Colleague: 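Can you keep this structure in mind? I'll have questions shortly.
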Amino acid sequence: MALKALHVSDIPSIDIVPESPFSDGVEFKVPKFVVIGHRGHGMNALQSLDRRMRAIKENSIMSFNAAANFPIDFVEFDVQGVVFEKRITELCLSEFLAYGPQREGGNDGKILVRKTKDGKIVQWEVEQDDPLCTLEEAFLNVEPSLGFNIELKFDDHIVYDQDYLAHVLNAILKVVFDHAKNRPIIFSTFQPDAASLVKKLQSTYPVFFLTNGGCEIYEDERRNSLEEALKLCLENGLQGIVSEIKGIFRNPGIVSKIKESELSLLTYGSLNNVPEAVYMQHLMGIDGVIVDLVQEITEAVTNLITSAMVIDEEGLNEKLQLHSKPKFSQHELSFLLKLIPQLIQI
């Protein structure tokens, strides 16, 4: 887990969760096929040969606003109530913000490094750098029409008690309720107990459970399959699931079960940077994708808007059909859904 853009504030006690500015909350339903920018304009893959993966510092104000230049609905980013790097060094807010370029004086701060998946420590270098930010700064400085998908980040290897989770979540909720105004918000998290607790602490914003969909195995069984994710959502009144797309493609039949349960379904993963994979998800009824290649995928989704010629009694009328689907028969679509799991056995 890399160092993230986040907010640390004075932690309120559990009995002073801020009142929702809305009534009792509303049922949430994704209105259309949505595109969400991963960590803003896209995550940084520092060892990638693709320069697009190192273009703009992820989880930064610059990255969020760069994403807003394209027709996306949300940006996704990670928020933690306690800042730490690789569970080794705990940092206070001032220490955290001392890394990377500094807002005041134009000086460079401490060198920011990152641990790659293969264990290497590399300097975090991108073409367009930007200071680290807090959640409050994101609310104040990012295009207000852009929705925030706030991932509540916790360590995969720690078992948290309810008091600690409440301690952290209350801090984050205070910032959200103080600054969100009319900005669309979605909460998501891989931590099952945090998902259920943030739903109990507020009813204004939808809560989605994040899952690898069985692509990785954890000690907590609730994290190990889409079936467990569905069960968790139904037991706790959550509004949706965000799955690694490989988990969906390996188990395409789960989509209908999720939709029949009236839950929304979003996906993430490297396959979401492939237009054809995104198009297939649209056909399957998935509600949206979290992507790194914001420009390319928004263009691909826009191309789903086609014009159709409709003949009526008065002649030809051209009507705009949003996200129209190709004319696959049910047999052909069934074949594709059976084929996909075989294609991605990697």
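In this chain, numbering begins with 1 at the start of the sequence shown. Note that the structure is predicted; figures quoted are calculated from it, not measured.
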Colleague: According to a hydrophobic-cluster definition based on side-chain heavy atoms being under 4.5 Å apart (Ile, Leu, Val, Met, Phe, Trp, Tyr only), do Val291 and Met62 belong together?
Modeller: no

Colleague: Under 4.5 Å between any side-chain heavy atoms of Arg223 and Leu210, yes or no?
Modeller: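 Of all side-chain heavy-atom pairs linking Leu210 with Arg223, none is under 4.5 Å.
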
Colleague: Can you measure from CE (Met284) to NZ (Lys259) and round to the nearest 0.5 angstrom?
Modeller: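 With rounding to 0.5 Å, CE (Met284) is 11.5 Å from NZ (Lys259).
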
Colleague: Can you confirm whether Glu219 is buried at CD, in the sense that more than 12 heavy atoms of other residues, nucleotides or ligands lie under 6.0 Å from that atom?
Modeller: no

Colleague: Rounded to the nearest 0.5 Å, what separates atom CD1 in Ile217 from atom CG in Asn224?
Modeller: 4.0 Å

Colleague: Would a 4.5 Å heavy-atom cut-off, applied to side chains only, mark Cys215 and Arg250 as touching?
Modeller: yes

Colleague: Look at the side chain of Asp73 and the backbone N and O of Val35, then say whether any donor-acceptor pair between them is shorter than 3.5 Å.
Modeller: yes

Colleague: Taking the six-membered ring for Trp, are the ring centroids of Phe177 and Tyr205 within less than 6.0 Å of each other?
Modeller: yes

Colleague: Taking the inter-plane angle between the rings of Tyr160 and Phe154 on a 0 to 90° scale, is it parallel (under 30°), tilted (30 to 60°) or perpendicular (over 60°)?
Modeller: perpendicular

Colleague: I'd like to know if Arg39 and Asp292 make a salt bridge, using a cut-off of under 4.0 Å between side-chain N and carboxylate O.
Modeller: no

Colleague: Kindly say whether His41 contributes a backbone atom to a donor-acceptor pair with the side chain of Ser63 at under 3.5 angstrom?
Modeller: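 Such a contact is found between Ser63 side chain and His41 backbone.
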
Colleague: Within this structure, what is the CZ-CG distance for the pair Phe187 and Leu152, rounded to the nearest 0.5 Å?
Modeller: 6.0 Å

Colleague: Please work out which of the three classes, parallel, tilted or perpendicular, describes the rings of Phe77 and Phe148, given edges at 30° and 60°.
Modeller: perpendicular

Colleague: Under the side-chain contact (heavy atoms from CB on, under 4.5 Å) criterion, do Glu76 and Ile186 qualify, and how do the steps go?
Modeller: CA-CA 9 Å; Glu76 179 273 349; Ile186 296 173; over 6 Å; no

Colleague: Is the closest basic N to carboxylate O distance between Glu151 and Lys153 below 4.0 Å?
Modeller: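 Counted as a salt bridge, because a side-chain N and a carboxylate O are separated by less than 4.0 Å.
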
Colleague: Hey, is the main chain of Tyr164 close enough, under 3.5 Å, to the side chain of Asp161 for a donor-acceptor pair?
Modeller: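 Yes, because the side chain of Asp161 sits within donor-acceptor range (under 3.5 Å) of the backbone of Tyr164.
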
Colleague: Mind checking the CG-CG spacing from Asp50 to Asn273? Nearest 0.5 Å is all I need.
Modeller: 9.0 Å

Colleague: What I'd like to find out is whether the side chain of Pro275 reaches to under 4.5 Å of the side chain of Ile297, using heavy atoms alone.
Modeller: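 Yes, close enough: below the 4.5 Å cut-off.
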
Colleague: Looking at Phe139, is Arg183 sitting on its ring face, NZ or CZ under 6.0 Å from the six-membered ring centre and within 45 degrees of the normal?
Modeller: no

Colleague: Quick check for you: to the nearest 0.5 Å, what is the distance between Tyr99 atom OH and Leu112 atom CG?
Modeller: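 So the gap between those two atoms works out to 8.0 Å.
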
Colleague: Taking Glu244 for its side chain and Lys246 for its backbone only, find out whether a donor-acceptor pair lies under 3.5 Å.
Modeller: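 Such a contact is found between Glu244 side chain and Lys246 backbone.
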
Colleague: Between the main-chain N or O of Gly40 and the side-chain N or O of Asn59, is there a donor-acceptor pair closer than 3.5 Å?
Modeller: no

Colleague: Do NZ/NE/NH1/NH2 and the carboxylate oxygens of Glu58 and Arg114 come within less than 4.0 Å?
Modeller: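 Salt bridge flag = yes for Arg114 with Glu58.
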
Colleague: May I ask you to check whether over 12 heavy atoms, not counting those of Leu49, lie within 6.0 Å of atom CG?
Modeller: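 Count not over threshold, so no.
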
Colleague: Between Asn272 and Thr267, is any side-chain donor less than 3.5 angstrom from a side-chain acceptor?
Modeller: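 Present: a donor and an acceptor within the cut-off.
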
Colleague: Between Ser261 (side chain) and Leu263 (backbone), is there a donor-acceptor pair under 3.5 Å?
Modeller: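 The answer is no, because no donor-acceptor pair under 3.5 Å joins these two groups.
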
Colleague: Enter the distance from Leu234:CG to Glu262:CD here, rounded to the nearest 0.5 Å.
Modeller: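 If we round to the nearest 0.5 Å, Leu234:CG and Glu262:CD are 10.0 Å apart.
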
Colleague: Do Val168 and Gln80 have side chains that approach each other closer than 4.5 Å (heavy atoms only, starting at C-beta)?
Modeller: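 Not in contact.
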
Colleague: Do the side chains of Met280 and Leu226 join up, straight or via other hydrophobic residues, at under 4.5 Å, putting them in one cluster?
Modeller: yes

Colleague: Going by side-chain contact (heavy atoms from CB on, under 4.5 Å), Ile36 matches just one of Leu266, Val75, Val294. Which one?
Modeller: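 With Ile36 as partner, Leu266, Val75, Val294 yield a single side-chain contact (heavy atoms from CB on, under 4.5 Å), made by Leu266.
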
Colleague: Are any of the side-chain heavy atoms of Thr302 and Glu299 separated by less than 4.5 Å?
Modeller: no

